[in-house]
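The next block holds one structure in the form of structure tokens; read it before the comments.
Note that ligands are numbered from 1 as they come in the structure, with each ligand's atoms numbered from 1 the same way. Any value given below was found using the heavy atoms of this structure, including those in side chains, with hydrogens, waters and symmetry copies removed. This is a predicted model, so every value here is computed, not measured. When a residue number appears, it is its place in the shown sequence, counting from 1.
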Amino acid sequence: MRRTVFNEDHEAFRETIRAFIEAEVVPVYDRWIEAGQAPRDFYKKLGELGVFGIEVPEEYGGAGEHGFKFNAVITEECARAGVSFGGSSVHTALCLPYLLAYGNEEQKRRWLPPFISGDMMTAIAMTEPGTGSDLAGMKTTAKLSADGTHYVLNGAKTFITGGVLADRVIVCARTAPPSAEDRRAGITLLVVDTTSEGYAVGRKLEKLGLKTSDTAELSFTDVKVPVEDRLGEEGKAFSYLGQNLPQERLGIAVGAYAQAAAAVRFATEYVRDREVFGKTVASFQNTKFVLADCRSEVDAMEAVVDRALEAHDAGELTAADAASAKLFTTERAAVVIDKCLQLHGGYGYMQEYPISRLYADTRVSRIYGGTSEVMRSIVAKSMGL
Ligand SMILES: Cc1cc2nc3c(=O)[nH]c(=O)nc-3n(C[C@H](O)[C@H](O)[C@H](O)COP(=O)(O)OP(=O)(O)OC[C@H]3O[C@@H](n4cnc5c(N)ncnc54)[C@H](O)[C@@H]3O)c2cc1C
């Protein structure tokens, strides 16, 4: 079926990204996997390519494009090639919306130019060792100094994508205790300079998949954060998160769909070549049926993702819509990728085959950005349950 979600500009951009991946990522990707992260200068290359400035208004040096579809193109092309751009999707798809929506004029002038060039890489720190799904339970505190010039930040975060390389981290911290009526009140966003005294990067965590994005523990001991680095109003972080999580979840849904589509492609190519009992694996009726099932699952995922992308562009994607799209695509992608790996036999279990990386990489999509159980809770609530 012809897709109508992308226009000529998106398709031209797709060609550019595809060529860039072939030239700059595929030849060195194994080295990134070994190192456990993409190198710092790669992010500068993405900056030069214009990837970080797509949605940034022209007055700050960006391309001023509206919508999430260019991000979706990058996600699709990375999955197609069986690679990733390290942790850069956090920089553009997660952090940027906060800077654009809640940054004041001075902050935008200060932060957006280095954000676009890749000189200032960003990450976002919500999760703590003691709390992930239940964010209102966070313990990290930021106390305003007596003279009102800075906050004093104390606490710890974990699982922070891009946390090793980040120059600025959007940290969620309690500036006031939760009120009796609202546990979510009193949380504030601070854009913390990672060179500040008392700011420490702990372990770079070893993960099952996503081997080229660094994921870190962070700790804060009396870190002084100037009030000029507070993002938006004090105590409003929870409503800001509520505004931005649908886009994060849409991005994960696009990724899951794209990974499933790539898995079907990899498996289809593989079964045509591999011979057992004197014939190709593709010649077995089971193989044809399995791949036909997978293809129809991917078609369904594509329809969900494309509708969600259009709804997001129109400003109509609700929290429940995004949760539903993430739930469906990530759960189905897991099934499709598993079936495609099975068709590879033992080779599917070997890291050198992209299907094995997809299998490991896709697992986290049912966990981060909110678990499938949390997605079900959001959808059920929207049904009045
Ligand atoms: C690779 C990776 C990258 C990440 N990157 C970031 C990042 O950049 N920034 C960031 O802030 N965080 C990040 N995270 C954290 C991620 O968002 C959390 O792991 C996730 O929200 C789940 O929180 P948790 O791990 O504390 O699990 P928990 O909240 O402890 O959940 C444990 C289990 O309980 C279930 N559960 C929880 N609540 C309910 C409920 N109400 N009903 C039923 N079941 C429930 C969960 O679904 C899960 O199965 C990342 C995580 C990973 C693995």
Side-chain angles (χ1 to χ4, degrees), residues 33 36-38 84-98 121-140 155-174 183-184 187-192 194 201-220 231 237-238 240-242 244-249 251-253 255-256 259 319 322-323 326-327 330-331 334 357-381 385:
I33 291 177
Q37 64 190 45
S84 89
F85 282 175
S88 70
S89 64
V90 166
H91 185 62
T92 44
L94 269 66
C95 296
L96 182 60
Y98 289 96
M121 292 304 294
T122 58
I124 183 160
M126 299 174 269
T127 308
E128 300 188 354
T131 187
S133 304
D134 180 19
L135 278 179
M138 72 176 61
K139 300 271 188 293
T140 296
K157 298 285 178 181
T158 193
F159 301 153
I160 307 308
T161 305
V164 174
L165 288 178
D167 303 289
R168 288 266 175 179
V169 176
I170 303 175
V171 175
C172 303
R174 279 214 161 275
R183 289 179 69 234
R184 299 170 165 197
I187 298 173
T188 301
L189 300 182
L190 301 174
V191 183
V192 180
T194 60
V201 178
R203 282 185 305 152
K204 177 160 144 328
L205 300 164
E206 291 297 329
K207 304 191 294 294
L208 175 70
L210 297 184
K211 297 288 188 187
T212 62
S213 80
D214 61 282
T215 305
E217 295 173 329
L218 307 178
S219 70
F220 321 114
L231 200 57
F238 231 97
Y240 299 162
L241 297 177
N244 284 286
L245 281 170
Q247 174 169 305
E248 177 177 348
R249 290 169 183 158
I252 295 169
Q259 287 175 329
K326 178 180 186 286
L327 177 64
T330 58
E331 292 286 335
R357 296 205 298 266
L358 280 180
Y359 182 80
D361 289 354
T362 203
R363 185 62 185 87
V364 76
S365 65
R366 288 184 276 159
I367 298 170
Y368 67 9
T371 64
S372 286
E373 292 71 32
V374 169
M375 297 306 103
R376 289 186 181 103
S377 304
I378 294 169
V379 175
K381 197 170 167 198
L385 298 170

Practice task
May I ask you to decide if S88's main-chain N or O and T92's side chain share a donor-acceptor pair within less than 3.5 Å?
Solution key: yes

Practice task
Can you pull out the closest protein heavy atom to atom 9 (N) of ligand 1? Residue, atom name and distance to 0.1 Å, please.
Solution key: I124 O, 2.9 Å

Completion exercise
The atoms of ligand 1 lying under 4.0 Å from a heavy atom of E373, numbered in the order shown, are 43 (C), 44 (N), 46 (C), 47 (O), 49 (O)

Exercise for the section: Consider every N or O of G132 and every N or O of ligand 1, then say whether any pair is closer than 3.5 Å. Expected result: yes

Handout entry: Selected option - heavy-atom contact closest to atom 52 (C) of ligand 1, from I170, D214, V364, L135
Key = V364

Handout entry: Under 3.5 Å donor-acceptor, D214 side chain and G36 backbone
Key = no

Fill in the blank from the handout: Of all protein heavy atoms, the one nearest atom 20 (C) of ligand 1 is I367 O, 3.6 Å

Practice task
Specify the closest pair of heavy atoms between L208 and K211, including all atoms of both residues, with the distance to one decimal.
Solution key: O-CE, 3.6 Å

Handout entry: Non-hydrogen protein atom less than 4.0 angstrom from atom 3 (C) of ligand 1
Key = yes

Practice task
Check K207 against ligand 1 and report side chain, backbone, both or neither, counting heavy atoms closer than 4.0 Å.
Solution key: side chain

Handout entry: Flag, side chain of R174 to backbone of A136, donor-acceptor distance under 3.5 Å
Key = yes

Problem - Nearest neighbour in protein (non-hydrogen) for atom 14 (N) of ligand 1 - result: F159 O, 3.5 Å

Exercise for the section: Give a yes/no verdict on whether any heavy atom in G369 is under 4.0 Å from an atom of ligand 1. Expected result: yes

Problem - atom 46 (C) of ligand 1 protein-contacted (non-hydrogen atom, under 4.0 angstrom) - result: yes

Practice task
Enumerate the atoms of ligand 1 whose separation from the nearest heavy atom of T371 is less than 4.0 angstrom.
Solution key: 22 (C), 46 (C), 47 (O)

Problem - Under-4.0 Å protein heavy-atom contact, atom 42 (N) of ligand 1 - result: no

Handout entry: Distance flag for atom 25 (O) of ligand 1, protein heavy atom under 4.0 Å
Key = yes

Handout entry: Nearest protein heavy atom with distance in Å, relative to atom 15 (C) of ligand 1
Key = T127 OG1, 3.1 Å

Handout entry: Flag, side chain of T330 to backbone of K326, donor-acceptor distance under 3.5 Å
Key = yes

Practice task
For the pair K139 (side chain) and P129 (backbone), establish whether a donor and an acceptor sit closer than 3.5 Å, ignoring hydrogens and angles.
Solution key: no

Practice task
Could you tell me whether a side-chain N or O of T131 sits under 3.5 Å from a main-chain N or O of D134, the two making a donor and an acceptor?
Solution key: yes

Practice task
Without swapping roles, check the side chain of R249 against the backbone of G369 for a donor-acceptor pair under 3.5 Å.
Solution key: yes

Problem - Protein non-hydrogen atom below 4.0 angstrom of atom 32 (C) of ligand 1 present - result: no

Problem - Contact summary for T215 and K207, nearest pair of heavy atoms - result: OG1-NZ, 3.0 Å

Problem - Short N or O distance, T161 and ligand 1, threshold 3.5 Å exclusive - result: yes

Exercise for the section: Carefully, step by step, assess T161 and S213 under the rule side-chain hydrogen bond (donor to acceptor under 3.5 Å, both in side chains). Expected result: CA-CA 7 Å; T161 305; S213 80; 5.3 Å; no

Practice task
Only heavy atoms count here, so choose which of S133, C172, G163, G162 is nearest to atom 38 (N) of ligand 1.
Solution key: S133

Problem - Sub-4.0 Å heavy-atom approach of I160 to ligand 1 - result: yes

Exercise for the section: Using distance alone, decide if ligand 1 has a nitrogen or oxygen within less than 3.5 Å of any nitrogen or oxygen in A125. Expected result: no

Handout entry: Expected output: side-chain K157 to main-chain C172 donor-acceptor under 3.5 Å
Key = yes

Exercise for the section: Working to the nearest 0.5 Å, report the span between OG1 of T212 and CD of Q37. Expected result: 9.5 Å

Problem - atom 40 (C) of ligand 1 - nearest protein heavy atom and its distance - result: S377 OG, 4.8 Å

